[in-house]
2 protein chains.
Amino acid sequence: MRPTMRDVARHAGVSLKTVSRVVNGEVGVRPDTAEKVNEAISALGFRRNDIARALRGGKRTRSLGLVIKDVANPFYSQIARGVEEVARLHDLFVISGCSDEDPARERHLIRSLCERRVDGLLVVPSAADHRYLIPELNMGTAAVFMDRPPEEAIRADVVLIDNVGGARSAVEHLIAHGHRRIACLADLPGIFTARERRRGYDEALQAHGIPVDESLVRLGPHDVAGAEAATAELLALGDPPTAVFAGNNRLTIGALRAIQAAGRTTALVGFDDFELADMLATPVTVVAHYPAEMGRRAAELLCRRMDGEDLPPQRVLLPTRLIVRGSGESPPI
Amino acid sequence: MRPTMRDVARHAGVSLKTVSRVVNGEVGVRPDTAEKVNEAISALGFRRNDIARALRGGKRTRSLGLVIKDVANPFYSQIARGVEEVARLHDLFVISGCSDEDPARERHLIRSLCERRVDGLLVVPSAADHRYLIPELNMGTAAVFMDRPPEEAIRADVVLIDNVGGARSAVEHLIAHGHRRIACLADLPGIFTARERRRGYDEALQAHGIPVDESLVRLGPHDVAGAEAATAELLALGDPPTAVFAGNNRLTIGALRAIQAAGRTTALVGFDDFELADMLATPVTVVAHYPAEMGRRAAELLCRRMDGEDLPPQRVLLPTRLIVRGSGESPPI
DNA sequence: CTGAAAGCGCTAACAC
DNA sequence: GTGTTAGCGCTTTCAG
């Protein structure tokens with residue numbers, strides 16, 4: 001069906017190797033020979049077969065594998081964008097898959113990507129054991145982790161957000177506005193970022209001599225509906241919180257819905273910026289960060305590893321920024 | 001570095017072919033032989049090389065190429081998600097790239113994907129000439145287009161949204177609420193969806209005997225700022241529109257900003273749903289559609305083509321749905 | 001400058 | 001049940 005170099009060679013009346021030289025822009029081909037070859041190439045519609053190319057010479061496949069939770073989620077799609085930008089610069093393709101936070105699927109994806117001989121792996125790891133990766137890493141597949149670190153045993157680079165610092169700055173902002181009864185909404189404690197952000201919340205309170213009141217902390221909600229219900233419960237307490245810190249954008253939206261529904265002016269600061277946060281009835285104060293930058297940085301580290309650079313495992317911490325919009329500045333009631 | 005089947009065979013004291021049989025779950029291997037082979041596999045950390053596998057026998061690479069404008073844009077990332085869901089069911093990998101609406105980059109991407117011998121191609125085409133694809137298609141690479149059709153000469157399946165019908169329903173909704181001076185904001189006329197939506201606007205007015213007033217039509221703005229400026233201009237007219245139809249989500253946001261800034265209650269219906277549309281100060285009435293479904297349908301069509309099904313080119317039209325939320329129901333002033 | 005031969009890691013087609 | 005041989009489409013020697 002598809003013509004091969006042999007076919008082109010036959011058509012042009014030269015040897016296979018000469019075609020190879022022309023196709024790869026090697027030197028040492030007379031212009032008129034090259035001309036003949038190029039004519040044959042377009043006459044036959046020849047396309048070099050990169051699969052065969054990668055096979056011979058243990059060549060790189062010029063591809064990297066990306067495992068994220070879900071591309072449809074803006075956080076991950078921005079990571080993917082950052083990765084793609086760097087990949088493009090290095091003439092690499094990105095082969096990606098969604099784990100949907102399922103460890104079995106994640107493992108299957110990584111295994112399949114290794115079977116396809118991707119030159120490197122970029123992974124947002126789920127809460128699971130990643131030791132199965134060790135043989136792959138030893139076998140020479142570079143890997144960089146994003147957003148959550150793998151276990152200690154895995155010696156690989158990782159790019160994280162400053163979760164603790166970001167959460168602390170959010171809660172300190174609320175304290176600065178006079179709040180002392182501040183609720184904390186965080187995702188499932190199995191998730192690294194949820195634990196870290198909760199830790200930032202604790203640290204901020206402690207630093208200001210405010211005891212942590214566990215009845216104001218809700219760990220577990222991980223969607224808008226769950227956060228809305230949890231917030232409604234908090235607002236219905238005898239002594240309700242005057243402010244809420246929400247650990248991610250879905251939790252922020254849920255909290256917002258509950259606060260609006262209750263007709264309160266409870267202050268709110270959320271982790272993660274989101275589109276239209278400034279256009280809502282109450283514009284939302286957030287701890288912003290830059291997922292695309294995370295993707296870029298991770299991809300850059302990976303490329304360096306792929307080029308054989310041999311540093312000790314890096315741990316990059318990306319900064320956050322508090323964006324003040326209104327919801328975080330309401331005074332305590 | 002990485003062990004091959006030969007190495008495994010040597011280690012297990014069997015022939016290469018026996019290893020191949022075990023690795024591929026073929027029948028006709030004694031359990032104890034299989035056992036030995038499996039031990040050698042884990043001892044050496046062997047991973048079958050899918051590159052070599054695809055080469056032999058003109059085998060499929062079990063991958064498909066996806067070319068979209070930008071993964072970071074929720075519209076495209078949802079398409080990507082739909083594609084990935086179907087790919088997963090068929091045990092296919094997705095190799096994707098962003099064209100950023102640059103025809104040269106799009107062409108480069110498609111070419112490279114063909115060189116990697118993807119089994120099929122899923123493309124959101126930019127406004128450009130796609131005839132260079134014809135040889136690839138003839139050479140057996142299946143292709144399905146999404147969101148915008150390629151030129152007539154390309155005989156391939158395409159999955160579209162009902163742009164005309166959706167726009168018409170939006171404008172008829174405004175007419176039903178008593179509006180007659182309805183503005184139209186649409187993207188660059190080079191873009192298929194922009195033209196089609198503008199056509200739906202015209203059709204709705206004509207169907208109700210309302211003459212099209214070109215001074216109320218703004219073609220060209222393609223970001224929030226541009227739409228905001230265009231809308232501000234419209235509102236400043238001596239005889240301003242009482243309602244606005246915005247041709248996509250960025251234009252809707254821009255219009256909304258301008259209307260809020262002017263302190264008006266101008267009615268607004270937008271094409272494309274977006275997150276938090278219901279949480280804004282004025283919840284936004286929209287023409288919703290389902291990008292993930294577009295990705296799924298396109299991927300399904302592609303898989304059927306890849307399986308050799310030979311129907312005439314299909315043209316799938318996905319329905320839209322008007323979601324009433326408030327902004328589209330204000331009466332004329 | 002150009003070409004012939006070997007072989008990347010695997011599977012298909014046949015032996016035994 | 002198991003092994004041997006050929007060869008996928010290309011690049012890499014090494015000769016001419």
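A, B, ... follow the sequence lines: proteins, then strands. Residue 1 opens every chain. Just so it is clear, the model here is predicted, and its values are computed rather than measured.
- Look at CG on B:D50: it is 10 Å from C1' on C:dC10, rounded to the nearest Å.
- A salt bridge does not link A:R107 with A:E136: none of the charged nitrogens is closer than 4.0 Å to a carboxylate oxygen.
- Between B:R6 atom CZ and C:dG7 atom C1' the separation is 10 Å, expressed in whole Å.
- Among the atoms of the strands shown, base atoms are found under 4.0 Å from some heavy atom of A:L16.
- Looking at B:E151 and B:R131, no side-chain N of the basic residue comes within less than 4.0 Å of a carboxylate O on the acidic one, giving no salt bridge.
- Judged by distance alone, the side chain of B:E84 and the main-chain N or O of A:C98 form a donor-acceptor pair under 3.5 Å.
- Between B:T18 and the phosphate of D:dT2, there is no side-chain N or O to OP1/OP2 separation shorter than 4.0 Å.
- Between A:R30 and the phosphate of C:dC1, there is no side-chain N or O to OP1/OP2 separation shorter than 4.0 Å.
- Each of B:A52 and B:R21 has a nearest nucleotide on DNA chain C; the 5'-most of these lies closest to B:A52.
- Atom CZ of A:R117 and atom C1' of C:dC8 are 12 Å apart (whole Å).
- Here B:N24 lies in heavy-atom contact (under 4.0 Å) with sugar-phosphate atoms only.
- We find that A:D147 and A:K69 are not joined by a salt bridge, their nearest charged nitrogen and carboxylate oxygen being 4.0 Å or further apart.
- Taking only side-chain nitrogens and oxygens, B:S20 comes nearer than 4.0 Å to OP1 or OP2 of C:dT11.
- Which of C:dA12, C:dG9, D:dT2 sits closest to the side chain of B:K17 comes down to C:dA12.
- Of the listed nucleotides (D:dC10, C:dT2, D:dT2), D:dT2 has the atom at the smallest distance from the side chain of B:T33.
- OP1 or OP2 of C:dG7 has not a single side-chain nitrogen or oxygen of A:R56 nearer than 4.0 Å.
- The nearest whole Å value for the distance from the CE atom in B:M5 to the P atom in D:dT4 is 16 Å.
- A cation-pi arrangement, defined by a distance under 6.0 Å to the six-membered ring centre and an angle within 45 degrees of its axis, is absent between A:R116 and B:F93.
- Taking atom CZ on A:F46 and atom C1' on D:dG9, their separation rounds to 8 Å, with Å as the unit.
- Using a 4.0 Å cut-off, some side-chain N or O of B:S15 falls inside it from OP1 or OP2 of D:dG3.
- Residue B:R48 contributes atom CZ, which lies 17 Å from atom C1' of C:dC8 at whole-angstrom precision.
- Between the CD atom of A:E26 and the P atom of C:dC1 there is a distance of 14 Å, given to the nearest Å.
- Following rounding to the nearest Å, B:R10 (CZ) and D:dG3 (P) show an atom-to-atom distance of 14 Å.
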